[in-house]
Amino acid sequence: MPAEPQRLAPSAGGPITSQLGRRGPDYLQGLNEEQRDAVLTIDGPLLVLAGAGTGKTRVLTTRIAHILSTRKARGSEILAVTFTNKAAREMKERIASLVGSSVEGMPWLGTFHSIGARILRRHAELVDLKPAFTILDTDDQIRLIKQLLEAENIDEKRWPARQFAGMLDDWKNRGLLPRDVTPAESGFYANGKGAKLYADYQARLKTLNAADFGDLLLECIRLFRENPKVLEEYHQRFKYMLVDEYQDSNVAQYLWLRLLAQGRPANEANICVVGDDDQSIYGWRGAEVDNILRFEKDFPGAKVIRLERNYRSTANILAAASHLIAHNEGRLGKTLHTDVAEKGETVAVTSVWDSEEEARQIGEEIEQFQRQGETLNSMAILVRASFQMREFEERFITLGLNYRVIGGPRFYERKEIRDALAYFRLVAQPADDLAFERIVNTPKRGLGDSTLKILFDAARHQNVPLLSATRMLIETEELKSKQRTTLRDLVGQFDDWSERLRTIPHAELAEQILDESGYTAMWQNDKSADSPGRLENLKELVRSMEEFETMGGFLEHVALVMDRDSFEADDAVSIMTLHSAKGLEFNTVFLPGWEEGLFPHQRSLDESGRAGLEEERRLAYVGITRGRKRVRISLAQNRRIHGLWQSAIPSRFLDELPAEVVEVKDTGSSYGGYGYGGRTANRFQSVDPFESVYETPGWQRARAQQAQRKGSGPLTIEGELVARSVDLGPGSGYKVGDRVFHNKFGYGEIAALEGNKLTIDFQTGRKKVLDSFIRKA
DNA sequence: CCCCAAGATTTTTTT
DNA sequence: AATCTTGGGG
């Protein structure tokens, strides 16, 4: 956070400990009292509630520097977990600049998933894997599920693989093994086959010598539980534990941490968690804000430090953010304040005709700020959903404005990259059937469904990987001679490559593989417009491999990081989602698309009702607090969704901004503005917040299933209350079966409930209403 | 077995 | 609007 007024004096590298006298070591200079307290309180459990821009990362990194320089522990004895790769990278850099040396000495600083993978590889055999196991991404996962569905004769139309993948994710996030999943939860899917599918899926992963994202934590937990000695080893190793963004941790991560912390009595655990309940934006991924709320219960006597002094934003920006977030009920409550007397610019809210004009408008403003001497690097556009990015990109290309998309379409998700990776994966790990399937006939080798079927059958029959099955089949008469020859050549090539992996550098081998397999030629012969780009990407891929020591190391990076480090060299405007903006800051922040349905997102409201709305609001809070000097919000009156134009309603969040810091602008081309501050104040109260724009049968079915699945009480594991949803006020107080009265629909009976959102059977039919519209009959 | 054309479908956010 | 899927013909 370069904006903090107090800068770190780069440590001179000398024995800092000797300075621990009057004024303390250099790295403590410029910390405020609370920050210093958080850095120096090293022993025992500590919870740091750090609001946006209060120097959270600085505290964490300085704390590590402090532990190191007081020789309380070595780098290899500190476990420091973050949520994202970006955060991990930043921490590494900042520690390095504090301590002066490389961070190679901190092997256990990383994301939950990368550390989980690291631990699993060390003890792979104990969880039925081999150390070189493959980490599957979502795409592989879906393909695998599809195969299982087919094997079980389940109609994928009726029970989409995606849906099951979502369920799997949910279970794994909650730390549930197949045997822990109750029939109530899995039962509805595919007529009760849910739990069995989960078990089959796990078994299949073991055969493939593969783990999915969830397994990186879940299997770790199993490892620790089933092997106390292994766990003991880590208890010995980790003298200090630090966790960043604790509000984003899910149940599995919570259990994982708790196991690791069990080396000492709870009140003496050297665990420090840092978080901000107002920035919890990953509920959809299973994050439990309650983890942070119950920290003091888990670790009795934990010290709690609040960081409330904001070093980032102007008073006006803080006022806007605080006022907005105050509309949330489920929060611990912090008040950010700044010492700077100057209020700064007002927050601009601009209403435009459509998203095209929005892009044009923002483009103009950017150029204007640029003329005033602002760098493009200091500006960012933060969108709710990634489809919004395109319009900006198009506009900026015509303007010739440099931009950079962060977290956009992932490099490693491109088809050509995934194909190439499949080749590499198969060379590194011959049991990787998913990789095999992907590339047997890419480029086209004349191996179609019928041939593949033979391979599949043989593999399943003999219970061996596809590559081995192929190896055997080419010695028989079962295949047509043409296919047999093709496969023989292919298997021969793979043998060759595996051999060479031991002798030549992996990046060089990668190039050879792509050439010899005909993959490069395939794109060279392709005359579509994007094939040159694809070839360029392949080159880039090979180039980036050189940065890794081994093929395995590279593949691990690809699976876990999913994205290249973005080059920061050029001056460019950043375009990214609000989610990926967390932790960053910019002088100028543009927040487009503040319209009902988009932000707050309809889906969030549909799925999680009030809690979803609060999460959206936190997302808005995150967005606003990214700005240092200026925040500019905009909304379009018309937006195109799936090709259809829809007129949009201004976001309710606009009404939640304090009028005194907001300046409403309206471009000439719009009709009537949106009536901020009086003209049509509170016009949104009449809007049904749960009216969905998705009214396809499939969507409604999904929603119905969701309703069944959720609301099954607080989260418990092994009979113990692990986390419960934030109690949003007194609750509805209704239960299924209650008789109720509604002014418009009359008497009815509650069929289902989810938060304050009730499904009620009235005489006129089934309706969804909010509890505030009904009373007990 | 491959290719093309018509038809269906569209998950926000990410490790 | 754009992309993926599916089905029929070559």
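In what follows, chains carry the letters A, B, and so on, assigned in the order in which the sequence lines appear, proteins first and then strands, with residues in each chain numbered from 1. All values derive from a computational prediction rather than experimental measurement.
At a cut-off of 3.5 angstrom, the base of B:dT11 holds at least one donor-acceptor pair with the side chain of A:R603.
Salt-bridge formation is detected for the pair A:D457/A:K453: a Lys NZ or Arg NE/NH1/NH2 atom is positioned less than 4.0 Å from an Asp or Glu carboxylate oxygen.
Nearest to the side-chain atoms of A:K444 among the listed nucleotides B:dC3, B:dT13, B:dT14 stands B:dC3. For A:E616, whose side chain is taken as the heavy atoms from C-beta onward, the closest listed nucleotide among B:dT15, B:dC1, B:dT12 is B:dT12. Proximity note for A:W284 (side chain, C-beta onward) versus B:dT14, B:dC2, B:dT12: the nearest is B:dT14.
When heavy atoms are screened at a 4.0 angstrom cut-off, A:R618 is found touching no nucleic acid atom at all. Note on A:F83: only backbone sugar-phosphate atoms sit closer than 4.0 angstrom, heavy atoms only; bases stay farther off.
Aromatic pair A:W256/A:Y254: centroids not less than 6.0 angstrom apart. When ring centroids are compared, A:H327 and A:F653 stay outside the 6.0 Å threshold.
Of the residues listed (A:I145, A:D169, A:L149, A:L148), the one engaging A:F164 in a side-chain contact (heavy atoms from CB on, under 4.5 Å) is A:I145, and it is the only one. For the side-chain contact (heavy atoms from CB on, under 4.5 Å) criterion with A:Y621, the lone passing option out of A:I281, A:D276, A:L578 is A:D276.
Rounded to whole Å, the distance from CD on A:Q388 to P on B:dT13 is 10 Å.
Between B:dT12 and A:T577, no contact under 4.0 Å exists linking OP1 or OP2 to a side-chain N or O. Applying the 4.0 Å criterion to OP1 and OP2 of B:dT13, one finds that A:S604 has every side-chain N and O outside that range.
The side-chain ring of A:Y282 is not stacked on the base of B:dT14, judged by centre separation under 5.5 angstrom and plane angle under 30 degrees. Taking a centre distance below 5.5 Å and an interplanar angle below 30 degrees as the stacking criterion, A:H601 stacks against the six-membered base ring of B:dT12.
Nucleotides of DNA chain B nearest to A:R384 and A:K480 differ in position, and the one nearer the 5' end is that of A:K480. For the pair A:R162 and A:G214, nearest-nucleotide mapping onto DNA chain B gives the more 5' position to A:R162.
The same atom, P, is picked in C:dC4 and in B:dT13; the two are 16 Å apart, to the nearest Å.
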